[in-house]
Peer 1: 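My structure is below; once you've seen it, I'll send some questions.
Every chain is numbered from 1 and lettered A, B, ... according to where its sequence line falls, protein lines coming before strand lines.
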Amino acid sequence: MLIQRHAPMLRPLTTAHLAQTMSLLELTALELRQKVEAELARNPALELIDEYRCPTCARILRANSPCPVCSHPQVSSPDQPIVFLSSRQDFYPASSGKTSLDEFSGDDYPPAKINLAEHILRQIGPELALEDRPIALHILTSLNDDGLLTVNPTEIALYHHVPRSRVEKTIRQIQATDPLGVGSTSPQEALLVQLEILGETLHAPSLVAEAIRAGLELLSPHRSTDLARSIGIPAAQAKQIVRFIADNLNPFPARAYWGEPSQTFARDPNVYHLPDIIISRVNDTDDTPLVVEIAMPYYGTLRVNPLFREAIQNAPEDKSELWQTDLEQATLLVKCIQQRNNTIVRLMQRLVVIQRGFILYGETHLCPLTRAEMADQLQVHESTMSRAVSDKAIQLPNQRIIPLAMFFDRSLHVRSVLKELIAKETSPMSDANLAILLSGQGYPVARRTVAKYRAMEGILPAHLRSQAR
DNA sequence: CTATGGCACGGATT
DNA sequence: AATCCGTGCCATAG
């Protein structure tokens with residue numbers, strides 16, 4: 001009887017094991033930490049003890065206290081990076097006030113990825129009247145990727161049975177937060193809001209607002225004569241206005257955010273992400289070893305509670321089955337997390353060696369690398385690599401936080417060479433010229449591709465570059 | 001006539 | 001199997 005009950009349970013275990021390994025790998029450390037927290041609270045078989053093993057000398061230590069012996073990592077050679085799982089509790093900067101989307105409650109952790117809605121909520125959360133919160137949530141969940149509102153404010157008002165003015169008041173509050181103009185119903189409105197707020201500190205040329213109202217399509221650089229005619233001003237003034245708008249305003253407030261193929265309005269996109277991995281250098285020499293810290297999903301050591309394992313022998317009849325599955329799940333979770341960490345550690349050990357140039361000297365030195373190649377080197381499946389890389393953020397020695405996927409960008413190095421080329425040029429070169437030049441430097445790219453890269457970097461076409469600066 | 005952007009196709013990547 | 005990316009062809013703006 002016992003055997004019969006156990007045999008069928010083993011099968012699902014193996015498939016479940018695989019399934020869970022997969023799903024854990026693609027989580028960021030913070031997401032995983034939340035999952036672990038939840039399991040700890042629910043599953044009595046799991047326990048978290050306040051100690052960990054020093055990555056360098058294998059001593060057992062209290063969690064979050066550095067190893068007295070190895071407080072400085074031992075020096076190793078440039079091609080022998082120091083890679084370890086970090087239990088530092090200050091790995092992530094503390095969050096300021098908790099205002100997460102899910103009902104302003106719950107987690108004490110700063111989310112690893114803050115989406116636009118949460119980012120805004122953090123800013124206005126405190127000053128938002130309680131009864132306006134449902135309205136704000138409605139607005140924030142109706143934003144598209146550009147940060148524009150996709151539903152009619154009247155609809156929102158009707159839905160919540162409030163006057164339209166209440167909704168508009170909330171929208172105005174939202175528009176004044178960081179991606180300035182976010183929550184507007186149209187690009188025009190967004191521009192006007194930005195103008196209004198920036199105008200307080202910035203000196204804006206006169207008639208900018210009129211220009212914006214004249215229509216977005218007239219704001220493109222080559223149509224300044226049309227714009228001039230439309231609002232009755234000299235062409236030079238129109239040009240100046242267009243310039244001001246292009247430099248300071250953004251018709252799609254959220255375009256500068258991460259994950260976007262943000263071309264024209266690329267800005268430093270890193271502010272809203274917390275690293276899963278931190279790389280630092282030991283000294284300032286060129287052959288400094290690199291230190292790679294990988295965020296642990298918890299502090300201390302997660303393990304199956306030995307007491308629980310014993311207690312299960314004489315469990316009460318009605319609880320026996322439940323405890324058994326709890327125990328299996330706990331074991332599984334611990335194993336899977338170990339496997340996840342192991343994969344990431346091995347990945348980083350290779351990656352840091354291959355992309356050393358990129359890490360130390362920047363984009364130009366990025367060596368084109370595909371996830372598939374990496375998977376091959378590490379003897380793991382391609383999809384495993386894909387999951388390990390996706391969604392993770394990594395901090396470089398120069399403090400920049402970038403998506404881990406950037407290490408696998410196939411065109412970044414060519415783009416950065418292109419950027420340099422254009423920066424150094426004396427007279428603007430056409431795309432065709434640039435294509436030939438790049439081929440000469442060992443980057444065979446088609447003329448059309450140069451154009452695409454240019455657009456990606458937000459560089460204007462040749463005939464417009466001449467007047468700039 | 002030249003330079004550039006749009007559309008779409010095919011091959012690589014995930 | 002779905003997606004992304006480089007490229008060729010063509011229309012259009014200058």
Peer 1: At 4.0 Å (heavy atoms only), tell me whether A:S390 reaches a base, stays on the sugar-phosphate, or touches nothing.
Peer 2: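 If one applies the 4.0 Å heavy-atom cut-off, A:S390 turns out to touch nothing in the nucleic acid.
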Peer 1: So which nucleotide from B:dA8, B:dG5, B:dT4 ends up closest to the side chain of A:S430?
Peer 2: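 When the side chain of A:S430 is considered, B:dT4 is the closest of B:dA8, B:dG5, B:dT4.
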Peer 1: Specify the separation, in whole Å, of atom NZ of A:K452 and atom C1' of C:dT7.
Peer 2: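 That distance rounds to 8 Å.
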Peer 1: Could you verify whether a donor N or O on one side chain and an acceptor N or O on the other, from A:Y453 and A:D431, lie under 3.5 Å apart?
Peer 2: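 There is no such pair between these side chains.
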Peer 1: Please classify the nucleic acid contact of A:R410 as base, sugar-phosphate, or nothing, using heavy-atom distances under 4.0 Å.
Peer 2: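 It contacts sugar-phosphate atoms only.
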Peer 1: In whole angstrom, give the distance that lies between atom CG of A:L412 and atom P of C:dG6.
Peer 2: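 So the CG-P distance, A:L412 to C:dG6, works out to 11 Å.
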Peer 1: Measure the distance from CG on A:L460 to P on B:dG5 and round it to the nearest whole Å.
Peer 2: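 So the CG-P distance, A:L460 to B:dG5, works out to 9 Å.
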Peer 1: Look at the side chain of A:R448 and decide which nucleotide, out of B:dT14, B:dT4, C:dT7, has an atom nearest to it.
Peer 2: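 Per side-chain heavy atoms of A:R448, the pick is C:dT7.
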Peer 1: A:D376 CG to B:dT13 P: how many Å, rounded?
Peer 2: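 Rounded to the whole Å, the gap is 13 Å.
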Peer 1: Considering only B:dG5, B:dT14, C:dG6, which nucleotide approaches the side chain of A:M456 most closely?
Peer 2: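 Selected nucleotide (nearest to the side chain): C:dG6.
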Peer 1: If I take atom CG in residue A:D431 and atom P in nucleotide C:dG8, what distance separates them, rounded to the nearest angstrom?
Peer 2: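 That distance rounds to 14 Å.
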Peer 1: Classify A:R371 by what it touches in the nucleic acid, base, sugar-phosphate, or nothing, heavy-atom distance under 4.0 Å.
Peer 2: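 Contact class for A:R371: sugar-phosphate only.
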Peer 1: Is it true that atom OH of A:Y159 has more than 12 heavy atoms of other residues, nucleotides or ligands lying nearer than 6.0 Å?
Peer 2: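 No, because the 6.0 Å sphere around OH of A:Y159 holds 12 heavy atoms or fewer from other groups.
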Peer 1: Do other residues, nucleotides or ligands put more than 12 heavy atoms under 6.0 Å from the CD atom of A:E196?
Peer 2: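 Counting other residues, nucleotides and ligands, CD of A:E196 stays at 12 neighbours or fewer.
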Peer 1: Please determine, for the side chain of A:T370, which listed nucleotide (C:dG6, C:dC9, B:dT14) has the closest atom?
Peer 2: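 That would be B:dT14.
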Peer 1: Rounded off to whole Å, could you give me the OH-to-C1' distance for the A:Y443 and C:dC5 pair?
Peer 2: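 The answer, rounded to whole Å, is 19 Å.
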Peer 1: Distance criterion of 3.5 Å, no angle test: do you see the side chain of A:R447 paired donor-to-acceptor with the base of B:dG5?
Peer 2: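 Counting by modelled atom types and ignoring angles, a donor-acceptor contact under 3.5 Å is found here.
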Peer 1: Quick one: does any side-chain atom of A:R350 pair with a main-chain N or O of A:L378 as donor and acceptor, under 3.5 Å?
Peer 2: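 Answer holds: no.
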Peer 1: Does A:T449 place a side-chain N or O at less than 4.0 Å from the phosphate oxygens OP1/OP2 of C:dT7?
Peer 2: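 A:T449 to C:dT7 OP1/OP2: side-chain N or O found under 4.0 Å.
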Peer 1: Please report, rounded to the nearest Å, how far the P atom of B:dA3 is from the CD1 atom of A:I436.
Peer 2: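 Result: 10 Å.
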Peer 1: Any base atoms under 4.0 Å from A:F408, or only sugar-phosphate, or nothing? Heavy atoms, all strands.
Peer 2: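 No contact at all - A:F408 keeps every heavy atom at 4.0 Å or more from the nucleic acid.
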Peer 1: Is the distance from the ring center of A:F358 to that of A:H413 below 6.0 Å?
Peer 2: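 For A:F358 and A:H413, the ring centres are not under 6.0 Å apart.
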Peer 1: Start at the 5' end of DNA chain B and walk down; is the nucleotide closest to A:R454 or to A:E382 reached first?
Peer 2: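 Looking at DNA chain B, the more 5' nearest nucleotide goes with A:R454.
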Peer 1: Do the side-chain N or O atoms of A:S411 get closer than 4.0 angstrom to the phosphate oxygens (OP1, OP2) of C:dC5?
Peer 2: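 No, because none of the side-chain N or O atoms of A:S411 sits under 4.0 Å from OP1 or OP2 of C:dC5.
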Peer 1: When the distance from CG of A:L434 to P of B:dG5 is rounded to whole Å, what number comes out?
Peer 2: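 It is 12 Å, rounded to the nearest whole Å.
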Peer 1: Is the backbone of A:C367 close enough, under 3.5 Å, to the side chain of A:Q355 for a donor and an acceptor to pair up by distance?
Peer 2: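 Confirmed, A:Q355 side chain pairs with A:C367 backbone.
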Peer 1: Taking 4.0 Å as the cut-off, does a side-chain nitrogen or oxygen of A:Y453 come that near to OP1 or OP2 on C:dG6?
Peer 2: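 Affirmative; the distance criterion is met.
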